[in-house]
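By convention in this document, chain letters (A, B, ...) are assigned in the order of the sequence lines, proteins followed by strands, and residues within each chain are numbered from 1. The structure displayed is predicted, hence computed values, not measured ones. Computed over heavy atoms, backbone and side chain alike; hydrogens, waters and symmetry mates excluded.
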Amino acid sequence: EAQVTQNPRYLITVTGKKLTVTCSQNMNHEYMSWYRQDPGLGLRQIYYSMNVEVTDKGDVPEGYKVSRKEKRNFPLILESPSPNQTSLYFCASSFGGLNTGELFFGEGSRLTVL
Amino acid sequence: QKEVEQNSGPLSVPEGAIASLNCTYSDRGSQSFFWYRQYSGKSPELIMFIYSNGDKEDGRFTAQLNKASQYVSLLIRDSQPSDSATYLCAVNMWKDSSYKLIFGSGTRLLVRP
């Protein structure tokens, strides 16, 4: 089954404790992206990757890191989480190019930072 | 002005009616446009995309694009209670030296039985 898998789905952590949210897709997609969704603000892009070893900042990259060492995986790293990073996070992928906007989303990871 | 603007709703329609969801965007050079549906507590799923001016139909859904007016809409015919969800408009636009997919904040649709 074609899917984007995120883990963990739910996480409560404390300020400053490093965490990683994993994302994996099995559709051989070139393009992967991370979004956060907050009430009233919609989906905002954190980072994206056009291909392996190619990543770039989205609209709200501060406080996040990513890496793309393999095509299928695109982890999101919070080196020192803060309460303003409490949010619902989505990983998404697509074939890229003209089809970049035809995204498949993971189920989401709800993060609470105390 | 927001880059992609949608009325937050809720838009309430009776079952069987046509629901009309609207979206405006700021970048005149945008080339591709997408509609996603998001049920409460779930992830967005792509339901329509449109790249050319005019109408594109897929089952009960019709996407309409007017680049001159910078306007894209989604019509849902014969609305069903199962169509109750938030509908996100997304536009691929040139920003910060690359194309970025920008989402509106969504319109909540409520279909009354």
Side-chain angles (χ1 to χ4, degrees), chain A residues 1-7 9-10 21 23-25 27 29-51 54-62 87-110, chain B residues 1-10 21 23-27 29-52 56 58 63 65 72 74 85-108:
Chain A
E1 181 191 352
Q3 58 187 4
V4 178
T5 303
Q6 296 178 227
N7 280 296
R9 295 284 317 282
Y10 302 91
V21 186
C23 174
S24 181
Q25 51 92 5
M27 295 169 279
H29 283 166
E30 303 278 345
Y31 181 90
M32 297 186 75
S33 182
W34 276 102
Y35 293 88
R36 60 178 290 173
Q37 188 172 37
D38 303 287
L41 296 177
L43 280 165
R44 293 181 293 165
Q45 191 177 49
I46 304 170
Y47 270 94
Y48 65 97
S49 169
M50 304 288 279
N51 210 328
V54 180
T55 63
D56 208 347
K57 295 177 181 178
D59 290 322
V60 288
E62 295 79 18
S87 187
L88 178 58
Y89 291 87
F90 288 105
C91 180
S93 69
S94 72
F95 285 109
L98 288 174
N99 306 111
T100 295
E102 297 171 34
L103 292 167
F104 289 79
F105 281 83
E107 292 184 299
S109 296
R110 186 167 292 281
Chain B
Q1 182 195 2
K2 285 185 179 178
E3 293 166 311
V4 179
E5 200 140 9
Q6 296 180 257
N7 189 316
S8 60
L21 303 158
C23 173
T24 58
Y25 59 95
S26 61
D27 179 18
S30 297
Q31 297 294 321
S32 49
F33 308 85
F34 306 85
W35 283 100
Y36 287 81
R37 177 177 62 201
Q38 186 175 23
Y39 292 113
S40 181
K42 301 294 186 182
S43 57
E45 57 176 325
L46 180 68
I47 53 172
M48 290 285 290
F49 57 86
I50 185 166
Y51 299 149
S52 305
K56 179 182 178 183
D58 183 1
L65 175 61
V72 58
L74 179 71
T86 296
Y87 289 80
L88 305 171
C89 172
V91 179
N92 213 7
M93 57 177 67
W94 186 256
K95 183 180 177 184
D96 300 330
S97 305
S98 65
Y99 277 103
K100 301 258 172 81
L101 188 68
I102 308 296
F103 283 84
S105 54
T107 298
R108 193 157 70 91

Leading residue by heavy atom contact count with chain A [cutoff under 4.5 Å; candidates B:Q38, B:Q31, B:E45]: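 Answer, by heavy-atom pair count under 4.5 Å with chain A: B:Q38.
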
Heavy atoms only, distances under 4.5 angstrom: which of A:E107, A:Q37, A:Q45, A:R44 has the most pairs with chain B? Name it, please.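 With the most close heavy-atom pairs to chain B, the winner is A:Q37.
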
For chain B, which of A:F90, A:Y48, A:F104 has the most heavy-atom pairs under 4.5 Å?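 Greatest number of close heavy-atom pairs with chain B: A:F90.
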
Tell me, side chain or backbone of B:Y36 under 4.5 Å from chain A's heavy atoms, or both, or neither?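 Side chain of B:Y36 only, per the 4.5 Å heavy-atom cut-off to chain A.
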
Does a donor on one side chain sit under 3.5 Å from an acceptor on the other, for A:S87 and A:D38?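 Yes, side-chain donor-acceptor contact under 3.5 Å.
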
Can you sort out the partners of B:Y87 under ring-ring contact (aromatic ring centres under 6.0 Å, His included), two or more places apart, ordered by chain and number?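 B:Y87 satisfies ring-ring contact (aromatic ring centres under 6.0 Å, His included) with no other residue.
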
Residue list, side chain to side chain donor-acceptor pair (under 3.5 Å) with A:D59, at least two apart or on another chain: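 A:D59 satisfies side chain to side chain donor-acceptor pair (under 3.5 Å) with B:K95 once adjacent residues are dropped.
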
Sidechain-backbone polar pair: A:S109 side chain, A:Y10 backbone, donor-acceptor under 3.5 Å: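 A pair under 3.5 Å: no.
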
